Amino acid sequence: MFIYDSVQKTKLQLIPIKAGEVSIYVCGPTVYDDAHLGHARSALAFDLLSRTLKALGYKVTMAKNFTDIDDKIIQKVKAAGQSMPEITSLYIDRYLQEMAALGVGRADIEPKATQSLKAIETMIQTLIDKGFAYRVSSGDVYFDTSKDTRYGDISHRVNEDEESQSRVAHTDEKKNSKDFALWKACKNDEDICFKTAFSSGRPGWHIECSAMIEKHFHGTNEYSIDIHGGGADLLFPHHENEAAQSRCATGHELAKYWMHNGFVQIDGEKMSKSLGNSFFLKDALQAYDGEVLRYYLNSVHYRNDFNFNEEDLLVAKKRLDKLYRLKKRVIPSQASMPNTVFKTALLEAMSDDLNVSIALSLIDEMVTQNNEKLDVNSKDKELKKEIVANIEFINSLLGFGGKEPFGYFQIGINEILKNKIEMLLAERTEAKQAKNFARSDAIREELIAMGISIMDTPDGTVWERA
RNA sequence: GGAGCCAUCGCCAAGCGGUAAGGCCGCAGCCUGCAAAGCUGCUAUCCCCGGUUCAAAUCCGGGUGGCUCCUCCA
């Protein structure tokens, strides 16, 4: 398996710190709002990584956190008049539900900041004791970036004296402009506070991930985990800070490899709350099938930016449709073994830093070749079994193609409509047999107007939702 | 102001020094009562200018254009 390491900026062979096992930690969402397409893309990218590693025989342990203490959440609590647990559990549930609709598997460990306070406090105290962190009069605790000689190694940010250029407002009590809060003391009674030795308050954003990783993973004296993942925007400052805290607290590096996924853009611009162009996953799932969305969002390499657009989504659907039409032709057959050449090639493509484009092209070729074979001999039982097995393998590796194919083409059609379609088709078949083509074509027109396309096959007429 | 990423057929998108994958669209054909579906065939020298090399879309330098990070962010 080769993966692109965004710290070394090169593709590297994955050599896990424990042979045969891979530990992954991915930064999850801050749960104060609904998930958008960007969250989906990140989740999908690392889901693909996990599936590929498992297919290669690795034992994968994946952790994805929920940040459930945060300024934004506190704002929402005040505005909505609900408790913090009410708000966070609502969005966690929705997140998990929507990701499930995209076929994203659950992480093995799903830590929450609120459940990790002991680990957070311990790590901060360690940093204070070792002299890497300092408490100011307000009770806030900052990390002293000047004490970490390797600060900047992750994001390759040079130690420029950017005081004048920095857009960050400086707190007077900070020793260095880059120092960041490990702990924020309560400013007034309304704040959500947790008691610690240094002050009553709440953790900073960056410390959560470091503490959770130390709590749940026990790596080696070199690294805590194999792979740390997240969106490209987290590289700095979030991951830089995580790495610094962990390095200084534990004496070893946080992760052996760092992977970052590209953004989802809308009309060529990053999708973000501040730009007001967020596309919520729940709205996307309202309009499109989860499996199609999955196929589409995964169809561009995870490191590239992804420009979301409906036209391309429909192209993705067409490609998925082709796989399901092949499945229709072979469906009642039981799976035998997938074609070795196909399976090997598919795994090889995914092993190369998740080269999905190659994988999808291999699938398209497999579909075309087997359609051709079935055109020649539609009763080849062994071939059909192999095709079923191929599709099952695709489903396990890439997470699509698992549905019952006739049902796939009828998503969103209710029973009443279905009955009407069946009646019209029966009438059309009669008309056709009576050579009454005017009538049969009229029925076809009527169905097309209903959004139904039909196709005559040797086994009778089948229909699809257009 | 600083740092980085990207630029391949009408559109999406692989390629990681050895002579341009795949999909959509389009055209021609097979199949079909006609369609649809399926199949076959056809369609790019890689933003511009230099350089390195026997050989460059791929490496280096300089432009131009787009995006991102330096503030919460997937």
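As the structure is a prediction and not an experimental result, all values here were calculated from the model. To find a chain, count down the sequence lines: A is the first, B the second, and so on, and within it residues start at 1.
Here, B:rC46 and B:rC42 have their P atoms 22 Å apart, quoted to the whole Å. Rounded to the nearest Å, the gap between the C1' atom of B:rG63 and that of B:rA7 is 14 Å. Spacing of P atoms, B:rG23 relative to B:rG41, comes out at 11 Å, to the nearest Å. A distance of about 39 Å separates the P atoms of B:rA28 and B:rG18, rounded to the whole Å. Nucleotides B:rA13 and B:rU8 place their P atoms 9 Å apart, quoted to the nearest Å. As rounded to the nearest Å, B:rU68 and B:rC25 have P atoms that lie 31 Å from one another. For B:rU53 and B:rA21, the P atoms lie 28 Å apart once the distance is rounded to whole Å. Nucleotides B:rC47 and B:rG65 are separated by 8 Å at their C1' atoms, to the nearest Å.
When heavy atoms are screened at a 4.0 angstrom cut-off, A:Lys432 is found touching base atoms of the nucleic acid. A:Glu311 comes within contact range of no nucleotide atom at all, as no heavy-atom separation falls under 4.0 Å. Among the protein residues, A:Asn355 comes within range of the sugar-phosphate backbone only, with heavy atoms under 4.0 Å from sugar or phosphate atoms but none that close to a base. If you check every strand for non-hydrogen atoms under 4.0 Å, A:Asp305 touches sugar and phosphate atoms only. Heavy atoms of A:Gly38 sit under 4.0 angstrom from at least one base atom. Contact annotation for A:Asp71: no contact, since no heavy-atom pair falls under 4.0 Å across all strands. Residue-level contact check: A:Val26 touches neither bases nor backbone, having no heavy atom under 4.0 Å from any strand.
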CA sep, side-chain torsions, deciding dist, call: A:Asn65, A:Thr67, side chain to side chain donor-acceptor pair (under 3.5 Å): CA-CA 6 Å; A:Asn65 72 299; A:Thr67 298; 3.2 Å; yes
Residues A:Asn261, A:Ser42; criterion side chain to side chain donor-acceptor pair (under 3.5 Å); working and verdict: CA-CA 6 Å; A:Asn261 63 275; A:Ser42 179; 3.2 Å; yes
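A 6.0 Å sphere centred on NZ of A:Lys328 holds more than 12 heavy atoms belonging to other residues, nucleotides or ligands. Within a 6.0 Å radius of CD in A:Gln82, other residues, nucleotides and ligands contribute more than 12 heavy atoms.
Remark: B:rA28 base-pairs with B:rU40. Criterion, Watson-Crick or G-U wobble with two distances under 3.5 Å. Remark: B:rC16 base-pairs with no nucleotide; criterion is Watson-Crick or G-U wobble with both hydrogen-bond distances under 3.5 Å. In this structure B:rG65 sits in a base pair with B:rC6, meeting the Watson-Crick or G-U test at under 3.5 Å. In this entry B:rC59 has B:rG51 as its Watson-Crick or G-U wobble partner, both defining distances falling under 3.5 Å. B:rG33 is unpaired under the criterion used here, namely a Watson-Crick or G-U wobble arrangement in which both key atom distances are under 3.5 Å.
Note: CD (A:Gln433) to C1' (B:rG33) measures 14 Å, nearest angstrom. To the nearest angstrom, C1' of B:rC11 lies 11 Å from OH of A:Tyr296. Straight-line distance from the CZ atom of A:Arg202 to the C1' atom of B:rC72: 13 Å, rounded to whole Å. Rounded to an integer number of Å, the gap from CG of A:Asp321 to C1' of B:rG38 is 14 Å. Distance, A:Met271 CE to B:rC72 P: 19 Å, rounded to whole Å. Regarding A:Asn241, its CG atom lies at a distance of 12 Å from the P atom of B:rC70, rounded to whole Å. Between A:Phe46 atom CZ and B:rA74 atom C1' there is a gap of 9 Å when expressed in whole angstrom units. In this structure, A:Asn277 places its CG atom 13 Å from P of B:rC67, rounding to the nearest Å.
A:His301 contributes no side-chain N or O that forms a donor-acceptor pair with the base of B:rA14 under 3.5 Å.
The side chain of A:Pro237 lies closest to B:rC70, out of B:rC70, B:rU40, B:rG15. The listed nucleotides are B:rU40, B:rC5, B:rU68; the one nearest the side chain of A:Glu372 is B:rU40. Distances from the side chain of A:Asp312 to the nucleotides B:rA74, B:rC70, B:rC11 place B:rC11 closest. Among the nucleotides B:rA37, B:rA14, B:rC69, the one closest to any side-chain atom of A:Val300 is B:rA14. Checking B:rU40, B:rA74, B:rG33 against every side-chain atom of A:Arg428, the shortest atom distance belongs to B:rG33.
By the 4.0 Å N-to-carboxylate-O rule, A:Asp226 lies too far from A:Lys256 to be salt-bridged with it. A salt bridge links A:Asp456 and A:Lys432; the closest N-O separation between the charged side-chain nitrogens and carboxylate oxygens is under 4.0 Å.
Put simply, NZ on A:Lys178 and OG1 on A:Thr145 are 6.5 Å apart, with the number rounded to the nearest 0.5 Å. Atoms CZ and CG, on A:Phe306 and A:Asp312 in that order, are 7.5 Å from each other to the nearest 0.5 Å. A distance of 12.0 Å separates CG of A:Leu182 from CD of A:Glu208, quoted to the nearest 0.5 Å.
Geometric assessment of A:Lys270 against the ring of A:Phe263 yields a positive cation-pi assignment under the 6.0 Å and 45° thresholds.
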If you restrict it to nitrogen or oxygen atoms, what contacts under 3.5 Å exist between nucleotides 17-23 of chain B and the protein, and what is each distance?
from: B:rG22; atom 1: O2'; to: A:Arg319; atom 2: NH2; distance (Å): 3.3
from: B:rG22; atom 1: O2'; to: A:Asp364; atom 2: OD2; distance (Å): 2.9

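For the 3.5 Å distance criterion, the side chains of A:Asn241 and A:Tyr151 qualify, holding a donor opposite an acceptor.
Close to B:rC39, at under 4.0 Å from its OP1 or OP2, lies a side-chain N or O of A:Asn371. Side-chain nitrogen and oxygen atoms of A:Asn304 include at least one within less than 4.0 Å of the OP1 or OP2 phosphate oxygen of B:rA14.
Remark: of the listed residues A:Leu320, A:Asn395, A:Asp289, A:Asp289 is the sole one forming a side chain to side chain contact (heavy atoms under 4.5 Å, CB included) with A:Lys403.
Aromatic pair A:Phe308/A:Tyr296: ring centres closer than 6.0 Å.
Residues of residues 437-444 of chain A that place a heavy atom closer than 4.0 Å to RNA chain B, in numerical order, are A:Phe437, A:Ser440, A:Asp441, A:Arg444.
When each of A:His206 and A:Ile454 is assigned the nucleotide of RNA chain B with its nearest heavy atom, A:Ile454 is the one assigned upstream, toward the 5' end. In terms of position along RNA chain B, the nucleotide closest to A:Glu464 lies nearer the 5' end than the nucleotide closest to the other residue of the pair A:Cys27 and A:Glu464.
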